[in-house]
Amino acid sequence: MIKYLGSKRLLLGAIDAAVGSFGESLRVLDLFSGTSRVGHALKRSGHFVVANDHLAFAATLARCYVQADARVHRERAAKLIAELDRLPGEPGYVTETFCERARYFKPENGARIDAIRERIAALSLEPELEAIALTSLLEAADRVDSTTGVQMAYLKQWAPRASQPLALRLPAILDGTGQALCMDALDAASTEVDVAYLDPPYNQHRYIGNYHVWETLVRWDKPEVYGVACKRVQAKDHKSEFNSKRTIASAMSQVLAALRAKHMIVSFNDEGYLSRDELVGLLSSRGHVEIVAVDFKRYVGAQIGIYNPAGEKVGKVRRLRNVEYLFVVSEEKDRAEEAAQAARQALASGGRSVARAAGAVLGSGA
């Protein structure tokens, strides 16, 4: 899967264990699905996942990893991806925008991306098959990009991986079905499920800016761009209430009120606009709250340093570690406690050290 700020790769076992403690073959809503890494893991565990994200590239990843059924699509997808991978390069929008005006990819790889994306657009594929092909292209491009993992800027000097030739691979699609949505979180929150998993934006960083290249590749609308980083103009005005310290509490409260789930798990970061106590206050409206806190290294860009839009290092990062919280919420106190304990055990067995296991906070019930 693509490099992603806030990826829950190291928490998958804990999230899966917590959800599994509530039962088998559940309906689970992944409300802010991102790369669908969590939804993919939960589908693998036998749950029916509804994955939602308002960004087109994220919804496409969900259509590939959650909605597509490998029993139906694997053979055709493998054949299609092999055909696409044989296409010679044909310079176009990507080459001009992201290789010449900016330096995300070497021109030879940019030309391959152009050719493959134009071919996908011309085929008029069914939604799941198109999503698998686009996911293969995004992941191939991600393996040869020249960034620290986000697309706010590119590196001043080419990353070694950028010189590797672009190569498509069949994504790890799973047997079984799910559902992918591309909706505002508040609208998707009303989906009736057993468990809701929330991993909302937590500070000023907007994902449309961090991953504008992927959004453009999926939409293929060839937008006007601005700045050294060649961001799509949409990124200027695309704002979420979750990206504002002034409005995030209200946005979170509205989403929580709209959820139709008996149990929920919420991921949040100690760099976020809401404090642990503030989140407990909000979540307590839905039931009993248990907290699992895990110490992590910050994302790779933080380890490398701070860069300006030209890719030049301009400052030092204040902190190299943070705490990721898993808030486990249930209308039933014992179910919340069991789920939190399952998460802690999964973390321990996976070699992760739990920084601290917070005491239970009694909620008012839903």
In plain terms, say whether [X] and [Y] are close enough for a salt bridge, that is, a side-chain N and a carboxylate O under 4.0 Å apart.
{"X": "Glu75", "Y": "Lys79", "value": "no"}
{"X": "Asp221", "Y": "Arg232", "value": "yes"}
{"X": "Glu241", "Y": "Arg246", "value": "no"}
{"X": "Lys222", "Y": "Glu118", "value": "yes"}
{"X": "Glu290", "Y": "Arg344", "value": "yes"}
{"X": "Arg76", "Y": "Glu128", "value": "no"}

Check: When you check the side-chain N and O atoms of Ser33 and Asn52, is any donor under 3.5 Å from an acceptor?
Finding: no

Taking a hydrophobic cluster as the set of Ile, Leu, Val, Met, Phe, Trp and Tyr residues connected by side-chain heavy atoms closer than 4.5 Å, whether directly or through intermediates, do [X] and [Y] fall within one such cluster?
{"X": "Leu256", "Y": "Tyr325", "value": "yes"}
{"X": "Leu174", "Y": "Leu61", "value": "no"}
{"X": "Leu217", "Y": "Met152", "value": "yes"}

Roughly how far, to the nearest 0.5 Å, is [atom2] of [Y] from [atom1] of [X]?
{"X": "Met252", "Y": "Leu186", "atom1": "CE", "atom2": "CG", "answer": "12.5 Å"}
{"X": "Leu125", "Y": "Leu134", "atom1": "CG", "atom2": "CG", "answer": "8.5 Å"}
{"X": "Leu29", "Y": "Gln179", "atom1": "CG", "atom2": "CD", "answer": "9.5 Å"}
{"X": "Asp194", "Y": "Glu24", "atom1": "CG", "atom2": "CD", "answer": "12.5 Å"}
{"X": "Ile173", "Y": "Asp69", "atom1": "CD1", "atom2": "CG", "answer": "8.5 Å"}
{"X": "Glu215", "Y": "Leu138", "atom1": "CD", "atom2": "CG", "answer": "10.0 Å"}

* Asked: When the aromatic ring centroids of Tyr226 and His212 are compared, is their separation below 6.0 Å?
  ->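 No - the distance between ring centres of Tyr226 and His212 does not fall below the 6.0 Å cut-off.
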
Determine whether the aromatic ring centres of residues Tyr104 and Tyr154 are separated by less than 6.0 angstrom.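 Centroid separation for Tyr154 and Tyr104: below 6.0 Å.
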
Are the side chains of [Y] and [X] in contact, using a 4.5 Å heavy-atom criterion?
{"X": "Ile2", "Y": "Phe57", "result": "yes"}
{"X": "Pro127", "Y": "Arg63", "result": "yes"}
{"X": "Val266", "Y": "Leu326", "result": "no"}
{"X": "Val38", "Y": "Asp16", "result": "no"}
{"X": "His54", "Y": "Phe32", "result": "no"}

Between Thr147 and Asp145, is the side chain to side chain donor-acceptor pair (under 3.5 Å) condition met? List the steps. CA-CA 6 Å; Thr147 74; Asp145 77 341; 2.9 Å; yes

Counting N and O atoms only, with roles assigned by atom type, does the side chain of [X] sit under 3.5 Å from a partner on the main chain of [Y], one being a donor and the other an acceptor?
{"X": "Asp114", "Y": "Thr95", "value": "yes"}
{"X": "Ser330", "Y": "His263", "value": "no"}
{"X": "Thr60", "Y": "Ala56", "value": "yes"}

Tell me whether Arg161 at atom CZ has more than 12 heavy atoms from other residues, nucleotides or ligands lying less than 6.0 Å away.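 More than 12 heavy atoms, drawn from other residues, nucleotides or ligands, come within 6.0 Å of this atom.
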
Q.
Are more than 12 heavy atoms, taken from residues, nucleotides or ligands other than Arg119, located less than 6.0 Å from that residue's CZ atom?
A.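 For Arg119, atom CZ is not crowded (no more than 12 foreign heavy atoms under 6.0 Å).
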
Result block: side-chain N/O donor-acceptor pairs under 3.5 angstrom for residues 81-94, not counting sequence neighbours:
unit_1, atom_1, unit_2, atom_2, d
Asp85, OD1, Leu168, N, 3.0
Tyr93, OH, Pro223, O, 2.7

Pair Ser250-Gln254, side chain to side chain donor-acceptor pair (under 3.5 Å): steps then yes or no:
CA-CA 6 Å; Ser250 173; Gln254 290 180 62; 3.3 Å; yes

Starting from the C-alpha separation in whole Å, work towards a yes-or-no answer on side-chain contact (heavy atoms from CB on, under 4.5 Å) for Ser267 and Tyr197. CA-CA 8 Å; Ser267 292; Tyr197 171 71; 2.7 Å; yes

The side chain to side chain contact (heavy atoms under 4.5 Å, CB included) partner of Thr35 among His40, Glu139, Met1 is Met1

Given the options Glu192, Glu331, Glu332, Lys262 meets salt bridge (charged side-chain N to carboxylate O under 4.0 Å, His left out) only with Glu332

